[in-house]
Amino acid sequence: MDSFSDVVSPRISAGRLDEATLASNFADAHPALTDVQARIEADRCFYCFDAPCIEACPTGIDIPSFIARIADNNLRGSAETILSANIFGGSCARVCPTEILCEQACVRTKGENKPVQIGLLQRHATDHLMRSGEQPFQRAPETGRHVAVVGAGPAGLACAHRLAMLGHRVTVYEARAKGGGLNEYGVAAYKLPGDYAQRELDFILGIGGIEILHGRALGRDITLRALRDTHDAVFLGLGHQAVRALNLSPEPLKGVFDAARFIEMLRQSDKSKVAVGDNVLVIGGGNTAIDAAMQAKRLGAREVTIAYRRGLEHMSATAYERDWARTSGIRILPWRTPTALLGDGGVVTGVLFEDTGDGPMPEPADMVLLAVGQLFDPAALAEADAPRLENGRIAVDADGRTSLDRIWAGGDCTAGADLTVAAVQDGKLAAIAIHQALSGEN
Ligand SMILES: Cc1cc2nc3c(=O)[nH]c(=O)nc-3n(C[C@H](O)[C@H](O)[C@H](O)COP(=O)(O)OP(=O)(O)OC[C@H]3O[C@@H](n4cnc5c(N)ncnc54)[C@H](O)[C@@H]3O)c2cc1C
Ligand code: SF4
């Protein structure tokens, strides 16, 4: 991570809000359903035949079945239905953009414009199981096969869990000190508050047969060739490790940060110690831009503005996320292409935007967060024998098979939706394909 002290400016300071306000600002954004509310909501489901919500879920959770079990007060059975399709069902219930997935497809959306609250029901069931401390999954008898997984994010862990269920031994090689990937280091703190990501990780590892080796980075501490030589198969779940450059001059100025790094620091620190500007300008149009803006506001920034180079309808942040930002007091300015940073004495004072007819538009700011996109960094694969890339990511077939024998990949390091749920599905499908390949070798 960039050293925060290198880029912090005198206009940026920590402790703008008292501890109680900070705690409330970063608490769970969506209150959980009570048992009664969950039962009433479950009763709204029509249990559709050929349910469109299942089709819209990237992990294919049998949504009407899990909702029916909630209605029958069988929360454990409901959670098992969810987790057998998506072992990250707990975090996906909190972070999935359900408004463009299952809930958008729900027939109640079309009829009454009020879908069944599938995400909240999913959370109700999975929270019940996690609270109970029960482990619903058992491993199949040991196969004697050993698979290497690189990256302990949603893709890698979903793959590891399914392989463990199928009786394989798994070693996960993870560069960082904690597992969970962006669930731990990236997703907004108010979506996965407290230590949820680590508790879910413990639950996933509870099946047994999975060992995580931390501080072991592919390309730095280990090579793909060595992993291939010492394991029966390898899964790469490396995520995005690079950020798109904006190349605005003059850089570097104090007060300019990469938004993903800002979020990571915020996730890993005492919030009262995280410095934020009074007037924050975020450049970008995706969920990282929204999350950075929302969290800057919740840290106590007075003015927060998101500037995006195209129209609102082109933003990759969903309409729901945009409305949430607006109702949180964040300004969103479309059609703003940044051309230069403005500075004074090495400290940022604003951004100059392209002339759209009325002259170049300056926008003042004492903190600028750049959220113009994360990229897969192929540096970890800089070996003679590396899998083929396509459009800057690892090329895979529908089962996650790369161009190299016995090497699979999935999640953000491959093409796809760049969502937690999509990474989980990639990991699960690759595990099934690895199992089939290894079984065929017997
Ligand atoms: C700020 C932000 C907010 C987001 N919010 C949401 C959201 O609200 N909802 C949603 O659905 N999605 C969200 N996403 C996207 C989602 O987090 C990702 O799509 C998902 O985490 C991808 O999972 P992954 O396992 O492929 O990668 P990651 O979660 O990035 O995990 C990759 C893992 O691999 C490790 N690794 C990387 N390189 C190496 C190496 N060389 N050797 C060993 N280990 C390595 C990393 O340390 C990491 O643990 C967000 C993303 C960001 C950046
Ligand atoms: S589409 Fe809606 S009503 Fe139909 S099964 Fe799915 S959640 Fe229930």
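Numbering starts at 1 and runs along the sequence shown. Just so you know, ligand 1 is whichever comes first in the structure, and atom 1 is the first atom listed for that ligand.
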Side chains of residues 370-384: which donor-acceptor pairs under 3.5 Å do they make with residues two or more places apart or in other chains?
unit_1	atom_1	unit_2	atom_2	d
Asp377	OD1	Ala379	N	3.0
Glu383	OE1	Arg225	N	3.3
Glu383	OE2	Leu224	N	2.5

**Item:** Close aromatic pair by centroid cut-off 6.0 Å: Tyr173 and His231
**Value:** yes
**Asked** Within 45° of the six-membered ring axis of Tyr190 and under 6.0 Å from that ring's centre, is NZ or CZ of Arg298 located there?
**Response** yes
**Message:** Please confirm whether the ring centroid of Trp324 lies under 6.0 Å from the ring centroid of His30.
**Reply:** yes
**Request:** Could you pull out the N/O/S protein atoms under 2.8 Å of atom 2 (Fe) of ligand 2, ignoring any water?
**Result:** Cys106 SG
**Request:** State, to 0.1 Å, how close Gly208 and Arg139 come at their nearest heavy-atom pair, and which atoms those are.
**Result:** O-CD, 3.3 Å
**Fill in**
dist Arg388:CZ -> Glu390:CD (nearest 0.5 Å) comes out at 5.0 Å
**Any side-chain donor near an acceptor of the partner, Arg309 and Thr337, under 3.5 Å** = no
Would you mind listing each N/O atom of ligand 1 next to any protein N/O under 3.5 Å, plus the distance?
unit_1	atom_1	unit_2	atom_2	d
ligand 1	8 (O)	Lys191	NZ	2.8
ligand 1	9 (N)	Val95	O	2.8
ligand 1	11 (O)	Thr420	N	3.1
ligand 1	11 (O)	Thr420	OG1	3.4
ligand 1	12 (N)	Thr420	OG1	3.4
ligand 1	19 (O)	Asp412	OD1	2.9
ligand 1	19 (O)	Asp412	OD2	3.1
ligand 1	19 (O)	Asp418	O	3.3
ligand 1	19 (O)	Leu419	N	3.3
ligand 1	25 (O)	Pro154	N	3.2
ligand 1	25 (O)	Ala155	N	3.0
ligand 1	26 (O)	Asp412	N	2.8
ligand 1	29 (O)	Leu182	N	2.9
ligand 1	34 (O)	Gly237	O	3.3
ligand 1	41 (N)	Leu218	N	3.4
ligand 1	41 (N)	Leu218	O	3.0
ligand 1	42 (N)	Leu218	N	2.8
ligand 1	44 (N)	Ala175	N	3.2
ligand 1	47 (O)	Glu174	OE2	2.6
ligand 1	47 (O)	Arg176	NE	3.4
ligand 1	49 (O)	Glu174	OE1	2.6
ligand 1	49 (O)	Glu174	OE2	3.2

**Request:** Scan for salt bridge (charged side-chain N to carboxylate O under 4.0 Å, His left out) pairs involving residues 155-169, sequence neighbours excluded, and state none if there are none.
**Result:** none
**Item:** Asp270 side chain to Ser272 backbone, donor-acceptor under 3.5 Å
**Value:** yes
